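As the structure is a computational prediction, the values presented were derived from the model and not from experiment. Atoms within a ligand are numbered from 1 in the order they appear, just like the ligands themselves.
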Amino acid sequence: MKIPYGRQDINHDDIKSVVEVLESDWLTQGPSVEKFEDNIALKCNSKAGAVAVNSATSALHIACIALGLKQDDWLWTSPNTFVASANCAIYCGANVDFVDIHPETYNMCTESLKRKLVEAKKLGRLPKIVMPVHFGGSSCNMEEIHNLSKKYNFKIIEDASHAIGGTYKDFPIGSCKYSDITVFSFHPVKIITTAEGGILLTNDNEVKKKLVTLRSHGITKDSNDFIGKNDGPWFYQQHELGFNYRMTDIQAALGSSQLTRLESFLNIRNEIAECYKRKLSSLPISYQQVPETNYSAYHLFVINLDEDLLSRKEEIFSGLLKAGVGANVHYIPVHLHPYYKEKGFKEGDFPVAELYYKRAISLPLHSTLTSVEQDYVIDNLKNSLKI
Ligand SMILES: *Cc1c(COP(=O)(O)O)cnc(C)c1O
């Protein structure tokens, strides 16, 4: 058997939607992208709407620019994330710092954030943007982070790459109730896919307008926005330095088709997670605590080995791989990558995330995982643990 930790779930309707676009007049950004944006905005109760782009990485980059992140500014994020959450600040010439995680939710710890803000205020080094990451699809404590943003005057980007379909205090993630911008990823291992793709949601019309311009070279075709004279119907103007971060209509059609099965994907993912918790309950491991305020999208199912098993992690992990179980690790703390160490970060800077990393193994979790496969994963975990 060979069981990946994550994979896409493509059906006949998905394929049909893509073929329809291939047979139409538009391949790149066109009517299907607009439809996809409207569908996502509706799902998330977004007021200003959505802006689709070619990856969540691109989305995070233009989110930072739209919120004014510049040279010498600071962006703070979680060390327990994919490198893209931090890299987006470096693209803007800004500085990155991290806020340690909570040992049970694996998300940015709001107590650590508070303490760090108090210190930063004394040093005159408050962040311009804080980027909470909803690890595994379970929301951070957004109300608390939002309250702190009012007190310390920073903007909030939710990296919700794992979390489409999830809710926090009965609000869909993406509603931006407690943030300025929310970003989803549509990479094939995520909850729904467009092969590559990402999207931004905001409730601020001005921010949305900036994102639309930045996605396509900094160009506007809206004659109301022209500076000076309108030369004629062919006219457009570049107002700032943007990018080609556009999503194609092919991708968007796949996304809209996938979106119709979002609820069912989340039901299956939650069932699989509950089954893991039930069947693993007697083992010397713990798993992510999902607060009662949250419905998790369960992008990941991470186990944390008890500390007396730390010296055996490599052996346990290799045992799973040898049996064809696609175990993985999310995440190597971002500050320990050589690129970030070169910026002065070192082991011991974020001890909770570092200990978490030593204990963490992600087990396979995706909507095409069968119960036979899941039992196979569980049996082989027990074998590897020698229990
Ligand atoms: C996947 C992921 C990204 C990047 O997504 P892409 O669409 O592959 O660019 C960013 N942040 C987190 C937390 C992710 O998991």
Side-chain angles (χ1 to χ4, degrees), residues 4-8 33 36 40 50-65 75-92 96 98-99 101 105-108 129-140 142 156-166 173-174 179 181-201 211 214-215 243-248 251-252 254-255 258-259 269 288 296-302 328-335 337 339-340 353 356-357 360 362 365-366:
Y5 91 87
R7 63 156 293 157
Q8 68 276 17
V33 167
F36 183 47
I40 295 267
V51 179
V53 289
N54 59 359
S55 73
T57 303
S58 307
L60 294 171
H61 181 197
I62 60 173
C64 287
I65 300 174
L75 176 145
W76 292 2
T77 187
S78 168
N80 185 30
T81 186
F82 185 55
V83 292
S85 318
N87 290 348
C88 56
I90 314 277
Y91 297 155
C92 301
V96 174
F98 302 92
V99 180
I101 61 168
T105 65
Y106 310 164
N107 272 328
M108 181 184 282
I129 295 175
V130 172
M131 183 183 292
V133 180
H134 304 321
F135 182 84
S138 176
S139 176
C140 297
M142 290 309 300
I156 301 173
I157 300 171
E158 295 175 68
D159 183 346
S161 291
H162 302 178
I164 189 169
I173 293 177
S179 67
I181 295 176
T182 301
V183 168
F184 295 132
S185 169
F186 305 124
H187 182 280
V189 296
K190 307 287 163 69
I191 310 293
I192 63 169
T193 191
T194 60
E196 295 280 1
I199 208 161
L200 305 111
L201 292 129
L211 295 171
L214 287 164
R215 159 176 74 178
F243 309 87
N244 179 354
Y245 282 169
R246 292 186 304 264
M247 179 182 273
T248 67
Q251 293 167 302
L254 176 57
Q258 289 258 303
L259 190 62
R269 285 175 173 276
Q288 184 182 21
S296 176
Y298 269 111
H299 165 53
L300 298 172
F301 192 84
V302 175
N328 211 309
V329 173
H330 301 90
Y331 286 99
I332 302 161
V334 176
H335 67 284
H337 284 287
Y339 178 81
Y340 282 94
Y356 158 86
Y357 164 60
S362 305
L365 172 52
H366 49 86

Peer 1: Within this structure, what is the CD1-CG distance for the pair Ile101 and Asn80, rounded to the nearest 0.5 Å?
Peer 2: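 CG of Asn80 is found 4.5 Å from CD1 of Ile101.
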Peer 1: How far apart are the C-alpha atoms of Ser179 and Glu158, what are their side-chain angles, what is the distance that settles it, and do they pass the side chain to side chain donor-acceptor pair (under 3.5 Å) test?
Peer 2: CA-CA 7 Å; Ser179 67; Glu158 295 175 68; 2.5 Å; yes
Peer 1: Hey, is Gly197 one of the residues with a heavy atom under 4.0 angstrom from ligand 1?
Peer 2: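 It does; at least one heavy atom falls under 4.0 Å.
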Peer 1: Using a 4.0 Å heavy-atom threshold (strictly under), name the region of Ala56 that reaches ligand 1: side chain, backbone, both or neither.
Peer 2: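 Within the 4.0 Å criterion, Ala56 contacts ligand 1 through backbone and side-chain atoms alike.
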Peer 1: With a 4.5 Å cut-off on side-chain heavy atoms, are Val302 and Phe135 touching?
Peer 2: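 Yes - at least one pair of side-chain heavy atoms lies under 4.5 Å apart.
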Peer 1: Does an N or O from His187, backbone or side chain, lie closer than 3.5 Å to an N or O of ligand 1?
Peer 2: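 No, there is no polar N/O contact under 3.5 Å.
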Peer 1: Counting heavy atoms only, which part of His162 comes closer than 4.0 Å to ligand 1: side chain, backbone, both or neither?
Peer 2: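 The part of His162 near ligand 1 is the side chain, not the backbone.
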Peer 1: Can you tell me how far NE2 of His187 sits from NE2 of His162, rounded to the nearest 0.5 angstrom?
Peer 2: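 NE2 of His187 is found 11.0 Å from NE2 of His162.
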Peer 1: Using a strict cut-off of 4.0 Å, indicate which atoms of ligand 1 neighbour a heavy atom of Val133.
Peer 2: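 Answer for ligand 1: 13 (C).
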Peer 1: Consider every N or O of Thr81 and every N or O of ligand 1, then say whether any pair is closer than 3.5 Å.
Peer 2: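 Not met; the criterion fails.
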Peer 1: Which of the atoms in ligand 1, numbered in the order shown and given with their element, are less than 4.0 Å from a heavy-atom of Ser55?
Peer 2: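 Those of ligand 1 that fall under 4.0 Å from Ser55 are 7 (O), 9 (O).
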Peer 1: Quick one: does Glu196 get an N or O within less than 3.5 Å of an N or O on ligand 1?
Peer 2: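 No, no N or O pair falls under 3.5 Å.
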Peer 1: Would you check if there is a donor-acceptor pair between the side chains of Ser161 and Asp159 at a distance under 3.5 Å?
Peer 2: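 Per modelled atom types, Asp159 and Ser161 side chains form a pair under 3.5 Å.
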Peer 1: Against ligand 1, does Tyr331 come closer than 4.0 Å with any heavy atom?
Peer 2: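 Contact check Tyr331 vs ligand 1: positive.
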Peer 1: Only one of Val329, Leu365, Leu300 clears side-chain contact (heavy atoms from CB on, under 4.5 Å) with Tyr5; which?
Peer 2: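 Exactly one option meets the side-chain contact (heavy atoms from CB on, under 4.5 Å) with Tyr5, and it is Leu300.
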Peer 1: Which atoms of ligand 1 are found less than 4.0 Å from any heavy atom of Ser185?
Peer 2: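 What qualifies from ligand 1 is 1 (C), 5 (O), 6 (P), 7 (O).
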Peer 1: Which residue and non-hydrogen atom of the protein lie closest to atom 10 (C) of ligand 1, and at what distance in Å?
Peer 2: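 For atom 10 (C) of ligand 1, the nearest protein heavy atom comes out as Ser161 OG, 3.4 Å.
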Peer 1: Provide, to 0.1 Å, the distance between atom 1 (C) of ligand 1 and the closest protein heavy atom, together with that atom's residue and name.
Peer 2: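 Sorting protein heavy atoms by distance from atom 1 (C) of ligand 1 puts Lys190 NZ, 1.5 Å first.
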Peer 1: Kindly indicate whether the side chain of Val334, heavy atoms from C-beta on, has any atom under 4.5 Å from the side chain of Tyr340.
Peer 2: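 SC-SC contact between Val334 and Tyr340 confirmed.
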Peer 1: Counting non-hydrogen protein atoms only, what is the nearest one to atom 11 (N) of ligand 1? Give residue, atom name and distance.
Peer 2: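 Of the protein heavy atoms, Asp159 OD2, 2.8 Å lies nearest.
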Peer 1: Do Tyr91 and Phe243 make the cut of ring centroids closer than 6.0 angstrom?
Peer 2: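 Judged by ring-centre distance (under 6.0 Å), Tyr91 and Phe243 do not meet the cut-off.
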Peer 1: When only distance counts, is Phe82 in polar contact with ligand 1, meaning an N/O pair under 3.5 Å?
Peer 2: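 Between Phe82 and ligand 1, no N or O pair is found under 3.5 Å apart.
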Peer 1: Can any side-chain N or O of Ser55 pair as donor or acceptor with the backbone N or O of Gly197 at less than 3.5 Å?
Peer 2: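 Not confirmed, Ser55 side chain does not pair with Gly197 backbone.
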Peer 1: Nearest 0.5 Å, what's the CD1-CZ distance between Ile199 and Phe36?
Peer 2: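 Separation between the atoms: 5.0 Å.
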Peer 1: For atom 4 (C) of ligand 1, grab the closest protein heavy atom and report residue, atom and distance to one decimal in Å.
Peer 2: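 Nearest neighbour among protein heavy atoms for atom 4 (C) of ligand 1, to 0.1 Å: Thr57 OG1, 3.7 Å.
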Peer 1: Mind checking whether Phe135 contacts ligand 1 via backbone (N, CA, C, O), side chain (CB onward), both or neither, at a 4.0 Å heavy-atom cut-off?
Peer 2: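 Within the 4.0 Å criterion, Phe135 makes no contact with ligand 1.
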